[in-house]
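Comments concern the structure below.
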Amino acid sequence: MPEAAVGILLILPAILLLLSLTLYPVLYGVWISFFNKHSFFPQQTFIGFDNYIFLLRDPEFWASVWRGTVYALSTIVLQIVLGVAAALLLNEFFPGRNILRGIVIFPYVVPTVVAVIVWKWLLNSQFGLVNYLIEKAGLVDRPISFMGKDWIMVSLIIVSVWQFFPFVVIGVLARLQTIPEELYDAAKIDGGNAWQRFVYVTLPQLKGVLFVIVLLRSIWMFTKFDTPWLMIQGGGAETYIRTLPIYTYMRTFAYYEAGLGSAMAVVMFLALAGAAVLYFRIWRREENL
Amino acid sequence: MHMSRMVALAAALTVGIAAPAVAQDKLVRVWHTETEPQTIKAFNDIARRFEAKNPGIRIEAEGLAWTDLEGKIMASLAAGSPPELSHGQPITCTSLQSKGLLNALDEVVKAIGEDNIWEQVKRVCNVGGKQFGLVHAAGTSLLIYRKDIADKAGLKPPKTWNDLLANAKALTQSTKGDGKIDIYGITLPGDNLFINILMGELIKSNGGALFDNNNKPLFTDQKMIEVLEFWRELVKYAPPGWEGDGYLQTFQNLYGQKAAMMFQGYGRGAGLIEKFAPKEMANDKTFDVWSKPVGPSGKAPGVQVDEEPWMLFKDAKHQKEAIEFLKFFYQDDNYLEYVSTVPIHLFPITKSLRASPKYQNLEMIQRWKGWIEVQQGYLDKDQGKPTLVVDWSDMTEKPYLLEVLGSGIVRDMVMDVVLEKWEPKRAAEKAQRRLEDLLRNKGYLKG
């Protein structure tokens, strides 16, 4: 048997497994998006593009897209800024650095359900620590309802940034440790101050890793379900953080409309795929420059 | 190793694994929504006693949060492996019954004695004279108020919505005299389930309905507009950010002295008050209940009855054993142990137990008698219905109420009015459109 054929035979099980676990569910999702299908019972009617047409006209869908975009963009920007700042700090030598490096990763390893419960407790308007502190400090004259209309998106963003910025720290810190010291020495000899060394040496070196981090975090934040969902369990102004993944879940598991839910998932998938392609193109163009 | 030995070893292992399976207990899986530790303990103790009396049957009970329940039931049904028994909303019960997924519990009813069960309870998930859902315990919603503050302000029980608004206004106070409000007139829940519960109550109290006999939503009806106008006025006396409060936060607001009335209270609150309010306040002299008021177009108050029925699933394996367990559960001694864990909330469904001295003499029942009497009054006058059920016929004729509840459309409408400051008519029209889409899509509404 030719060597190439043996190779193909050997990787075939892995390919089949991957296809069955990834491609099949995606294709099935696309398929049922053309049906009016109950989520749990075998009732289904082929309706062509009706689900997609419905979405185009559904104000709730567009509102959820908007809320999801606000949530994703703000959390991504804040995670990057905070993550890079923390990584720069943790790249310096100071006593207790290793302990601090361990502590910084802590929010990322805490299960989401625990993180959200703790934060909801901290932000509680009746007995929460945050309200106690800001009232004591004289910043507010009455407790803030962090789960109410005006604050719930901010609360969600705070919790999400706290939870996920360590991912940026890990990636950036790893890259920072591999930047040759000579580059900084040369910049110093050329008279570059700390800010200039950051802008002209560090940032260009971080470009590659930031590209990957932004891509991954964008995908994860646009599709983030668990954190917003848990934020509204047992109270919380749900309407104001009803992002696209939440609305997709509601359509599928509260309205029991699996077809429409799938159509929304397909739209989300296409939007993210399109954004990723665009992102790659822009990156390549930048690199060529 | 020779092939023959390998086969022999495999066979031995297979037999070894399979042998205990033959002798395995019959497993009865039970999902319930009572998550208070003392109730879980009582339920588990009852299950262990049943197992001791019935060797070969094992009861596996699991307490589930409300938010997990419906999805979990649906997923288990789709997978063909539902539990034997589960709690559910009454409207979940009728929805599943309409799809032919439940078996009747008439045998349990017979064992309890049909005449021994309260009439109100027998109406829940009763289809064609068969009892497809049997309530585990019933308790009505309550309008709880701070009697001490109300007496001081000379307030009378509210008979109409306007009276309630006046009381809420009078109870919104700056007790420290610095002009800053520190006690709000009323605490209201902002989460989807409780807004739907409240909507059902208010539309009942205003003599209205949510859907007509052809399943057309009645959200643009004047009676609904009045409900929304009332809601808009009422939230003026609620703590800022009330919309972020869930069920438990509204209790916190009450016993934490942030609010002086609670519209969507329940008997469970008595236990919370005893546990968390300052000692000198933890009694019915401080926290009393008023009868709920009536809307401008209504004639009688309407309340929600928290009465999840047990459901027996058709596809479950051990039906007989599940029925035997329920019979055991409702036996007076066992049932008393269960309801006495939250006695002001878990009203027994059996007349015999409710009248028995053992139940009547429970210390908590003695301490919170007024709360019990108001609930009893609602039930006796048939003023209590399950969530979103306005008329008993809704239970069987509107199997889509579960989807209406889950959709959040009612909640969005209320929020559009009270937070986004939309005119009630505009918000109602939007909800009407969304509901018509939903029901048309499900095939319940034609045209």
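Below, read A as the first sequence line, B as the second, and so on, with proteins coming before strands; counting in each chain starts at 1.
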Just checking A:W66: does its CH2 atom have more than 12 heavy atoms from other residues, nucleotides or ligands closer to it than 6.0 angstrom?
no
Begin with the C-alpha distance, continue with both residues' side-chain angles, and end with the deciding distance and a verdict on side chain to side chain donor-acceptor pair (under 3.5 Å) for B:N192 and A:E238.
CA-CA 8 Å; B:N192 184 50; A:E238 181 265 329; over 6 Å; no
Can you tell me how far the CD atom of B:E70 sits from the CZ atom of A:F253, to the nearest 0.5 Å?
13.5 Å
Please look at B:L101 and chain A and tell me whether the side chain, the backbone, both or neither of the residue comes under 4.5 angstrom of a heavy atom of that chain.
side chain
Highest number of heavy-atom pairs under 4.5 Å with chain A among B:R411, B:R434, B:K430 belongs to B:R411
Residues A:R142 and B:I181: closest non-hydrogen pair is NH2-N, 4.4 Å
Looking only at heavy atoms, which two atoms of A:D150 and B:E243 are closest? And how far apart?
N-OE2, 4.4 Å
Side chain from CB out, backbone as N, CA, C, O: work out which of these in A:D141 comes under 4.5 Å of a heavy atom of chain B, or both, or neither.
both
Ion pair B:D437/A:R57, N-O distance below 4.0 Å:
no
For B:G406 against A:M250, the heavy-atom pair lying closest together
O-CE, 4.0 Å
Would you say A:F269 has more than 12 foreign heavy atoms packed within less than 6.0 Å of its CZ?
no
Least distance between heavy atoms, B:P240 atom then A:S145 atom
O-CB, 3.7 Å
Under a 4.5 Å heavy-atom cut-off, does chain A meet the side chain of B:D182, its backbone, both or neither?
neither
Which heavy atom of B:S407 sits nearest to which heavy atom of A:A254, and what is that distance?
N-CB, 4.5 Å
Select, from A:W151, A:F54, A:F41, the one with the greatest count of heavy-atom pairs under 4.5 Å involving chain B.
A:F41
Would you check, one step at a time, whether the test side-chain contact (heavy atoms from CB on, under 4.5 Å) holds for B:E403 with A:Y256?
CA-CA 7 Å; B:E403 282 92 334; A:Y256 304 120; 3.6 Å; yes
To the closest 0.5 Å, what do you measure between NZ (B:K442) and CD (A:E257)?
4.5 Å
Using non-hydrogen atoms and a 4.5 Å limit, figure out which bit of B:I409 sits close to chain A: side chain, backbone, both or neither.
side chain
Looking at A:F46, I'd like to know if its CZ atom is crowded, meaning that more than 12 non-hydrogen atoms belonging to other residues, nucleotides or ligands lie closer than 6.0 Å.
yes
Chain B contact via A:F127 - which portion, at a heavy-atom distance below 4.5 Å:
side chain
Which atoms of B:A79 come close to chain A, meaning under 4.5 Å heavy atom to heavy atom: side chain ones, backbone ones, both, or neither?
neither
Of the non-hydrogen atoms in A:K149 and B:L419, which two are nearest, and what is the gap between them?
NZ-O, 3.6 Å
Could you look at A:Q233 and say if it's the side chain, the backbone, both or neither that has a heavy atom under 4.5 Å from chain B?
side chain
Interatomic spacing from CD in A:Q126 to OH in B:Y255 - rounded to 0.5 Å:
8.0 Å
Could you grab the distance from atom OG1 of A:T45 to atom CG of B:N441, nearest 0.5 Å is fine?
9.0 Å
